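What you see is a predicted model, and the numbers here were worked out from it, not measured in a lab.
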Amino acid sequence: MIENNHLRDVFDAIADPTRRELIHLLALGEEQPLHELTSQFDMGRTAVSKHLTILKEAGLVHDRKVGRETRYTLNPAPLREVQDWVAFYSKFWSANMLRLNQLLEEDEI
């Protein structure tokens, strides 16, 4: 697996459905301010900000100040670790299912 030099594990960061939705929202558009992201959830600004901090610690989100406003963008690169992990197990299950099918076919003969 890829070594993760961030403060927080990417898998931990994406484990929460709210954070996955934030990633989705940021993937759909350009840079978004906190107040726009907050309007998409049934929670306060502080709660959304905490979720964004976790995503930032995992390297999944970049932020920048524009005046008094904080704007966020997605950094999808750390998701490669998740993709690689899923790809490994996808190959694992495909190979095992192929072997199972072969065994079942041999039993039918």
Side-chain angles (χ1 to χ4, degrees):
M1 280 222 191
I2 297 170
E3 186 177 324
N4 189 351
N5 293 325
H6 298 288
L7 297 173
R8 186 174 296 271
D9 181 69
V10 173
F11 290 91
D12 180 45
I14 65 169
D16 184 272
T18 299
R19 293 192 288 272
R20 289 193 304 270
E21 182 62 21
L22 282 165
I23 289 169
H24 178 75
L25 290 170
L26 290 169
L28 294 175
E30 297 292 321
E31 186 176 67
Q32 294 186 47
L34 178 58
H35 70 87
E36 283 183 23
L37 292 167
T38 301
S39 71
Q40 303 295 315
F41 296 93
D42 189 25
M43 63 180 74
R45 183 181 181 109
T46 302
V48 172
S49 183
K50 285 181 182 181
H51 283 293
L52 287 164
T53 297
I54 290 169
L55 292 173
K56 184 179 173 184
E57 289 173 352
L60 290 163
V61 168
H62 295 297
D63 65 347
R64 73 180 183 103
K65 291 280 191 186
V66 178
R68 292 176 32 169
E69 182 177 74
T70 304
R71 296 183 181 191
Y72 294 88
T73 54
L74 178 64
N75 176 31
L79 291 173
R80 173 70 69 182
E81 182 178 359
V82 176
Q83 181 181 4
D84 292 345
W85 187 85
V86 170
F88 173 82
Y89 285 100
S90 179
K91 289 177 190 174
F92 170 82
W93 283 113
S94 292
N96 281 314
M97 291 312 229
L98 180 61
R99 278 186 283 212
L100 178 60
N101 283 336
Q102 290 169 347
L103 287 172
L104 291 173
E105 286 174 5
E106 289 173 7
D107 281 349
E108 289 178 359
I109 297 176

Using modelled atom types and a 3.5 Å cut-off, is there a donor and acceptor pairing between side-chain atoms of Arg20 and backbone atoms of Ala15? yes
With sequence neighbours left out, which residue pairs that include part of residues 33-47 fulfil the side-chain hydrogen bond (donor to acceptor under 3.5 Å, both in side chains) condition?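 Residue pairs with at least one partner in residues 33-47: His35-Glu69.
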Is there side-chain contact between Phe41 and His51, with heavy atoms separated by less than 4.5 Å?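 When only atoms from C-beta onward are counted, His51 and Phe41 do not touch, as no gap falls below 4.5 Å.
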Nearest 0.5 Å please: distance from the [atom1] atom of [X] over to the [atom2] atom of [Y].
X: Leu55; Y: Arg19; atom1: CG; atom2: CZ; result: 6.5 Å
X: Glu31; Y: Asp63; atom1: CD; atom2: CG; result: 9.5 Å
X: Asp9; Y: Ile14; atom1: CG; atom2: CD1; result: 8.5 Å

According to a 4.5 Å side-chain heavy-atom criterion applied to Ile, Leu, Val, Met, Phe, Trp and Tyr, with indirect links allowed, do [X] and [Y] form part of one hydrophobic cluster?
X: Leu34; Y: Val66; answer: no
X: Leu79; Y: Leu28; answer: no
X: Ile54; Y: Leu74; answer: no

Leu60 and its side-chain contact (heavy atoms from CB on, under 4.5 Å) partner, picked from Ile23, Leu52, Leu26: Ile23
At their closest point, which heavy atom of Ala58 faces which heavy atom of Ala13, and how far apart are they? CB-CB, 3.6 Å
